[in-house]
Protein chains: 2
Amino acid sequence: MKQSPSRVDVPLQLWVVLARAFDAVERHSRASIARFELGTTEFGVLEVLYHKGELPVCDVQRRILVESSSTTYVVDKLVKRGLVRRRHSGSDRRVVLLALTPAGRRLIRRIFPPHAHAMRRAVAALPPSDQARAVRLLRALGLGAAKRLEAKEPV
Amino acid sequence: MKQSPSRVDVPLQLWVVLARAFDAVERHSRASIARFELGTTEFGVLEVLYHKGELPVCDVQRRILVESSSTTYVVDKLVKRGLVRRRHSGSDRRVVLLALTPAGRRLIRRIFPPHAHAMRRAVAALPPSDQARAVRLLRALGLGAAKRLEAKEPV
DNA sequence: GTCAAGTATCTCGATTTCGAGATAATTTCT
DNA sequence: AGAAATTATCTCGAAATCGAGATACTTGAC
């Protein structure tokens, strides 16, 4: 057992509260999405295709924050359920384009509004002005952390 | 494809940047911890026992943000590796107390400082004053979201 | 133009996490 | 005291995720 080095180490504290906040809000998301017999990642794919239209798998992957192998897995499931379809790109033969099927579009159009409502409630502890402040801070934090990752990760 | 309902829906935006920020910072954490041949959850257990001393499994679980079955799984691994030991509580015979073994203590004492350093770098994109602001906002957000969960979850 | 490096997707096995439920002990209510 | 509700831990099978690497294609350097 060890005593705090300086009573409060703000950066480490930030990491802790970030993780806790994410966890709490994510549970709302999970619970909301579970109502529709979907996993959060599956929902993420439907949502991004709904809002952005047809997209390459790699673009979808970047937005749903999972690795490429997991993306394949989730897309497979959605294709099997008839909610998403794959199509080869004409311009770049490596890429596979994803789009909603009519059934997928009907589904997400129906479930997105109640889910959005649940998420608004999830973060409603913060008044709107604080929400806006948090958005600015988290955006800077996320971009900064991502940049520092790039700097090391690359093979 | 659907156009934005009001150009910017701050609460939903908050959820998105929260998830992105968490993901980016968590990657730093993962990479840092991977240096020591540990998973983030295993590290979490060692860290909490290091800072808080002997604790019931349920207290550890609350802090590492995984379900009880996953906690059993991770603790098992740490026990097998000789880093943590289990002990029955005298006062409440349901509870199992966890504590570091000497080897576990030596390990975490050695790896915590470099990990803390990596995490400080991970969030360093935010100047200290913004870090403090973010801590306050995220704490309120996390507590509020958790409270709203309680209100529904309970069986 | 050719070759090296980079990018997109997928496969496969292993790991991690979850969820439901079993068991046992404690606490609360009546 | 006894029943009912709550809490703590664990088991087990299923689901999600990862990581390494294979394959195919494209881009950039020379």
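In what follows, chains are A, B, ... by sequence order, proteins preceding strands, each numbered from 1. Here the structure is a predicted model, which means the values were calculated and not measured.
Each of B:Gln61 and A:Val66 was matched to the nucleotide of DNA chain D holding its nearest heavy atom; the match closer to the 5' end belongs to B:Gln61. Mapping A:Ser91 and B:Arg62 onto DNA chain D via the closest heavy atom, the residue that lands nearer the 5' end is B:Arg62. Between A:Leu97 and A:Arg30, it is A:Leu97 whose nearest contact on DNA chain C lies nearer the 5' terminus.
Classified by interplanar angle (parallel below 30°, tilted 30° to 60°, perpendicular above 60°), the ring pair B:Trp15/A:Phe22 is parallel. Note: A:Phe112 and A:His51 have perpendicular aromatic rings, judged against thresholds of 30 and 60 degrees for the angle between ring planes.
Side-chain contact check for B:Leu38 versus B:Arg81: some heavy-atom pair is nearer than 4.5 Å.
Rounded to whole angstrom, the span from the CD atom of A:Glu37 across to the P atom of D:dA16 amounts to 12 Å. Whole-Å rounding puts the B:Leu55 CG to D:dA8 C1' distance at 14 Å. What separates CG of A:Asp76 from P of C:dC12 is a distance of 11 Å, to the nearest Å. Rounded to whole Å, atom P of C:dT15 lies 22 Å from atom CZ of B:Phe43. In this structure, the CG atom of A:Asp59 is 8 Å from the P atom of C:dA8, given to the nearest Å. Atom CD in B:Glu67 sits about 14 Å away from atom C1' in D:dA8, given to the nearest Å. One atom, CZ of B:Arg86, and another, C1' of D:dT9, lie 9 Å apart when rounded to the nearest Å. Counting to the nearest Å, the C1' atom of C:dT17 and the CD atom of B:Glu42 are 13 Å from each other.
Comparing atom distances between the B:Tyr73 side chain and each of C:dT15, C:dA8, D:dA8 picks out C:dT15 as nearest. When the nucleotides C:dT11, C:dC10, C:dC18 are ranked by their closest atom to the side chain of A:Val57, C:dC10 comes out on top. With D:dC12, C:dC10, D:dG19 as the candidates, the nucleotide lying closest to the side chain of B:Ser69 is D:dC12. Closest to the side chain of B:Arg94, out of D:dT9, C:dT26, C:dT9, is C:dT26. Checking D:dA8, D:dA16, C:dC10 against every side-chain atom of B:Cys58, the shortest atom distance belongs to D:dA8. Which of D:dG19, D:dC10, D:dT17 sits closest to the side chain of A:Thr41 comes down to D:dT17. Side-chain proximity of A:Val74 to the nucleotides D:dT17, D:dC10, D:dC25 is greatest for D:dT17. Taking only side-chain atoms of A:Lys77, from C-beta outward, the nucleotide of D:dT9, D:dC25, D:dA16 with the closest atom is D:dA16.
Panel note: side chain B:Thr101, backbone B:Leu83; a donor-acceptor pair is recorded below 3.5 Å.
The base of D:dC10 sits with one of its N or O atoms less than 3.5 Å from a complementary donor or acceptor on the side chain of B:Ser68.
Salt bridge present: A:Asp76 and A:Arg86 bring a charged side-chain N and a carboxylate O closer than 4.0 Å.
Listed pair A:Ser70 / D:dT17 fails the phosphate criterion, with no side-chain N or O lying under 4.0 Å from OP1 or OP2.
You'll find the ring centres of A:Phe36 and A:His115 outside the 6.0 Å limit.
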